[in-house]
Amino acid sequence: MKRPHRRSAVTSTSTGVARKAALAGALAAALLAGGCSGGSADSSGDSADHRQAAPRLPAGGGTAAPPAPADGRTDGPGDQRPSGAPEGEQRAPSPAPDYLSTFALDVDTASYGYARRSLAEGRLPDPATVRPEEFVNSFRPDYPRPADDGFSVTVDGARTGEEGWSLVRVGLATRGADRTGERPPAALTFVVDVSGSMNEPGRLDLAQHALRLAADELRDDDSVALVAFSDEAETLLPMTRLGDARGRVREAVDSLAVRSSTNLEAGLRTGYDVAAEGHRKGATNRVVLLSDALANTGETAADALLGRIDEQRREKGVTLFGVGVGSDYGDALMERLADKGDGQTAYVSTREEARKVFVDQLPAQVELRARDAKAQVAFDRDTVERFRLIGYENREVADEDFRNDRVDGGEVGAGHTVTALYAVKTRPGASGRVATATVRWLDPDSRAARERSGTVETGALRAGLWEGGHDSLQLSAISAYFAEELRGGSLPGAPRLGALADHADAIRGRSGSAVVGELAEAVRQADRLLGERTDGEREFRSGDPYA
């Protein structure tokens, strides 16, 4: 996914004179079904004016307040990075005087997987690697699925327990893959890191296991190629139709062996050359990079690695799927590479996770449902006093570019869900429409633009978040609150980590979900590690950043 041209205003609002609203920097969403959903509408075809934003809801009394820093502190207007925020995070520019929030869709999950690995090893993850939307999107809610290509739209929410504040969830889902039906063939070029750092258990051996799984699950009419890289890159298998060649693929995978340094540039250059040579018209052409992304030889700067990826994406439609491994992992580099390659990232540290990615997810991702997908949420001025999108900081799109199809969005495959969570403060006594969420995408084949919308009313926000019947929404909230705590911020109504773990255990008890149990354990590990810090080190977490 290409970086947006500029950051859009993720707006926080208040009545009367504009005032600073300290807003925390992370939260996201979901699993299982639940909550109160709104209706949806569908429209097809290109807009007459691609630069026009989605229709705004009726204006009310209220002025956009300056955006607040990610850790919720209220600093002076000249401060570009708030105290306690992850390195490199900056204050957003002056907001637009509207109630719109626009972002490109994202289905990455690597941030959550890497955080779990770090916590299991007794380390707190670097706050800069914690992306709340990836925590939330690691769990797939049972949103209704559309009958056609494109998206269903579900909007629901609940009260947080803090006066006036609710969580509003926007859920998008695509139709699942038909494993026995027709789909375009795949042409996959696997680019595997065999540098010295991959010698650690759970790196190259796990990559080989994942590749064997993929070779077994792909169809006879699919094609695969294999490139290995360390200080140099070598093509071990040119683009080959699987058919009767699965034995050759296994032999090439078995021949992978650790060598020396990490020349990621050589690996990607060769991998994209092989993908271009083996390009199949009408197929899903993708480079799959398996690496710890710790480049130390050749061109190691991210910007210099992006040009080739962008060229092949534009000219050949070759996308990138980045799979991270290893206790030391170049998270930022892998994410930037996948963004530029219109792809996504995942992280694996166990054979079970490898099976999930390469057996359950990769074959389905071959079947693309939407290109350049973006979402825009319009909040009602008469009902909403303040709001904030939690996470998606590096996916923001200018509001006026929502219908500009030259501005890149996200690519979404079959069976995916995308969840965005907002902290919303409603006006005292207000009733009626809270928000309208619209998703826009291009049809993968015709490139025709389509849209679908859903809404939520104040009546859908009356129930408390932790009341019964909201397991899916609760899981979204747990994931988001957890990510925010790891980033050093806070959100309205956030329970302590121990209480979050108890809520996750309760959901696991009702659903029997092992992945929810893993979340509960990760939250408890974080609580223990944070508890070992002094009060002074944790002092910045206290207080209400929204006051």
Side-chain angles (χ1 to χ4, degrees), residues 109-110 113 117 177 179-180 183 185-230 233-259 262 267-268 270-271 274-275 278 280 283-293 319-327 329 334 338 343-367 413 415:
T109 60
R117 168 72 178 262
R179 294 295 179 91
T180 60
R183 67 154 170 84
L188 305 178
T189 302
F190 293 98
V191 178
V192 184
D193 187 347
V194 293
S195 63
S197 62
M198 293 290 287
N199 199 34
E200 173 191 297
R203 296 195 185 196
L204 182 57
D205 59 326
L206 189 58
Q208 288 176 298
H209 176 70
L211 290 170
R212 295 184 190 108
L213 292 174
D216 290 342
E217 291 296 319
L218 293 169
R219 299 181 180 180
D220 286 347
D221 62 340
D222 293 328
S223 301
V224 298
L226 181 61
V227 172
F229 71 93
S230 58
E234 178 184 4
T235 302
L236 301 180
L237 183 74
M239 192 66 71
T240 304
R241 296 280 179 107
L242 277 173
D244 297 330
R246 295 180 195 270
R248 286 180 58 198
V249 175
R250 280 185 164 270
E251 288 177 4
V253 171
D254 292 343
S255 72
L256 293 168
V258 170
R259 300 176 194 169
T262 310
L268 286 174
T270 303
V274 170
R280 292 177 60 182
T284 300
N285 294 272
R286 178 165 295 163
V287 169
V288 182
L289 173 64
L290 293 95
S291 174
D292 56 17
T319 58
L320 178 67
F321 180 31
V323 181
V325 295
S327 55
Y329 167 55
M334 184 71 86
Q344 65 184 92
T345 63
Y347 179 86
V348 296
S349 60
T350 66
R351 290 197 167 204
E352 292 75 16
E353 291 169 350
R355 171 167 287 278
K356 179 180 178 182
V357 170
F358 283 87
V359 175
D360 299 337
Q361 297 178 8
L362 184 60
Q365 291 162 0
V366 166
E367 198 171 350

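In this chain, residues are counted from 1 in sequence order.
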Please name all residues satisfying salt bridge (charged side-chain N to carboxylate O under 4.0 Å, His left out) with [X], sequence neighbours left out, ordered by chain then number.
X	result
Asp221	none
Arg203	Glu200, Asp292
Arg250	Asp216
Arg212	Asp254

Results of side-chain contact (heavy atoms from CB on, under 4.5 Å) for [X] - residues two or more places apart only:
X	value
Ala233	Val227, Phe229, Ala266, Thr270
Ala110	Glu134, Tyr329, Thr345, Tyr347
Ala354	Leu206, His209, Ala210
Glu251	none

| task | Please list all pairs passing the salt bridge (Lys or Arg N to Asp or Glu O under 4.0 Å) test where one or both residues lie in residues 236-246, with sequence neighbours left out. | result | Asp220-Arg246
| Does any pair with a residue in residues 349-358 pass salt bridge (Lys or Arg N to Asp or Glu O under 4.0 Å), and if so which ones, sequence neighbours excluded? | Arg116-Glu353
| task | Check whether the side chains of Thr319 and Arg286 place a donor and an acceptor atom closer than 3.5 Å, and report yes or no. | result | yes
| query | Looking only at heavy atoms, which two atoms of Arg280 and Ser223 are closest? And how far apart? | reply | NH1-OG, 2.8 Å
| said: On a heavy-atom basis, which atom in Val287 and which in Ala275 lie closest, and how many Å separate them? | reply: CG2-CB, 4.0 Å
| field | Sequence-distant partners of Ser195, side chain to side chain donor-acceptor pair (under 3.5 Å), two or more places apart | value | Asp193, Ser197, Thr262
